[in-house]
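For reference, the structure discussed in these notes is given below.
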Amino acid sequence: GQGVPWGSIYTLEGWPWDDLYAGTSSGVFHGDGQDWTPVPNSPGSIDHMVVLETGELIVTDRLKIFRHDASGWAEIRNILEEEDPEGVDALWAFTPNDVLSGDFDGVSRFDGVSWKRIDDQPCHDLFAFSPTDIFALGPYALRHSDGGPFQRVGPVLPGYFFQVTGTSPD
């Protein structure tokens, strides 16, 4: 088969090993266990990506967030059009119409139509068990939402995020 996709790999998502997506400096590529093929018309350098159970993709190049489905690519957020633009540092999605984005200004949520800021503390990583059980990791604290306002649940200490969520903040 063909080797790794062209350019640097920034994120790798999917399961099992024969259904992987790589976000690279040259766009999105799909790996089938044998070959890597480009996803047609994908945006450029992809920093974060979520592969939904439906096969749809949510990706960001840090300045825009895109959704990909059978009909192609659609931009769902353009950070440059916002009042105080910050690059996207974290991305999480439950469905194509329930997407979380984290940046220096906090956490925002997409409802399929528009984005709404749901927390105002810096966020560098996101993890969620459900739409009402969300963790946001910032430089100063780990915060949690049970569907209401985010609350501090602990300081940022090595290994703490892993103990709470089962994933590493790196």
Side-chain angles (χ1 to χ4, degrees), residues 1-119 122-137 145 167-170:
Q2 185 180 12
V4 296
W6 303 271
S8 300
I9 298 174
Y10 298 126
T11 182
L12 190 63
E13 300 290 334
W15 186 257
W17 67 271
D18 61 351
D19 191 19
L20 295 175
Y21 288 87
T24 77
S25 57
S26 300
V28 179
F29 292 80
H30 180 252
D32 63 6
Q34 295 290 322
D35 296 306
W36 288 96
T37 56
V39 175
N41 304 312
S42 70
S45 188
I46 302 300
D47 288 20
H48 303 286
M49 175 172 44
V50 177
V51 179
L52 299 170
E53 290 179 6
T54 59
E56 293 168 276
L57 306 174
I58 308 293
V59 305
T60 181
D61 63 3
R62 290 193 41 86
L63 297 176
K64 296 179 181 180
I65 299 176
F66 303 89
R67 176 178 50 218
H68 180 268
D69 58 21
S71 64
W73 291 96
E75 179 183 302
I76 59 174
R77 185 176 187 190
N78 185 338
I79 307 301
L80 297 174
E81 294 175 352
E82 297 178 13
E83 182 178 326
D84 186 19
E86 295 287 341
V88 176
D89 292 322
L91 191 63
W92 193 272
F94 304 101
T95 71
N97 295 319
D98 193 357
V99 179
L100 300 172
S101 167
D103 58 44
F104 185 77
D105 290 330
V107 179
S108 296
R109 188 174 217 151
F110 180 66
D111 63 8
V113 177
S114 62
W115 288 88
K116 178 183 176 188
R117 180 75 61 193
I118 60 172
D119 190 43
C123 175
H124 301 302
D125 202 1
L126 289 164
F127 178 84
F129 291 106
S130 74
T132 57
D133 192 5
I134 303 165
F135 289 89
L137 179 66
S145 170
T167 66
S168 170
D170 299 325

Out of curiosity, F94 CZ to T132 OG1, how far, rounded to the nearest 0.5 Å? 8.0 Å

For Y21 against G55, the heavy-atom pair lying closest together: OH-O, 4.4 Å

Which heavy-atom pair separates W36 from A22 by the least distance, and what is that distance? CZ3-CB, 3.8 Å

Can you tell me how far the CZ atom of F104 sits from the NE2 atom of H124, to the nearest 0.5 Å? 7.5 Å

Note: T11 and E13 closest approach over all heavy atoms is OG1-OE2, 3.4 Å

Check salt bridge (Lys or Arg N to Asp or Glu O under 4.0 Å) between E53 and all other residues, then give those that pass, not counting sequence neighbours. none

Straight-line distance of Y10 OH to S26 OG, nearest 0.5 Å: 8.5 Å

Check whether any side-chain heavy atom of V107 lies under 4.5 Å from a side-chain heavy atom of S101, and answer yes or no. no

Could you check if a side-chain atom of F29 sits within less than 4.5 angstrom of a side-chain atom of T24, using non-hydrogen atoms only? yes

Do the side chains of W73 and V39 get nearer than 4.5 Å, heavy atoms only? yes

Any non-hydrogen side-chain atom of L91 less than 4.5 Å from a side-chain atom of V99? yes

For residues D69 and S71, is any side-chain donor paired with an opposing acceptor at under 3.5 Å? yes

Is any side-chain heavy atom of K64 closer than 4.5 Å to a side-chain heavy atom of I79? no

Testing R77, H48, E75 for side-chain contact (heavy atoms from CB on, under 4.5 Å) with I65, which one passes? R77

For residues D111 and D98, determine if any side-chain heavy atom of one lies less than 4.5 Å from a side-chain heavy atom of the other. no

Examine the side chains of H68 and N41 and answer whether a donor and an acceptor come within less than 3.5 Å of each other. no

Decide yes or no for I46 and T60: does some side-chain heavy atom of the first lie under 4.5 Å from some side-chain heavy atom of the second? no

Atom CG in D32, atom CG in D19: separation rounded to 0.5 Å? 9.0 Å

For V59 and P43 the tightest heavy-atom approach is CG2-CG, 4.2 Å

Taking R67 for its side chain and P96 for its backbone only, find out whether a donor-acceptor pair lies under 3.5 Å. yes

Output for pair (L52 CG, T95 OG1), nearest 0.5 Å, gives 7.0 Å

What pair of heavy atoms forms the shortest contact from V28 to S42, and how long is it? N-OG, 3.0 Å

Atom OG of S145 and atom CG of L100: how far apart are they, to the nearest 0.5 Å? 9.0 Å

Mind listing the closest non-hydrogen atom pair of S25 and G7 along with its distance? OG-CA, 3.2 Å

Do W115 and F110 pass the ring-ring contact (aromatic ring centres under 6.0 Å, His included) test, and can you show the C-alpha distance, the side-chain angles, and the key distance before you say yes or no? CA-CA 4 Å; W115 288 88; F110 180 66; 5.2 Å; yes

Do I134 and F127 have side chains that approach each other closer than 4.5 Å (heavy atoms only, starting at C-beta)? no

Test side chain to side chain contact (heavy atoms under 4.5 Å, CB included) on D89 and L126 and set out the steps. CA-CA 9 Å; D89 292 322; L126 289 164; over 6 Å; no

Tell me, with the steps shown, if R62 and D103 meet salt bridge (Lys or Arg N to Asp or Glu O under 4.0 Å). CA-CA 9 Å; R62 290 193 41 86; D103 58 44; over 6 Å; no

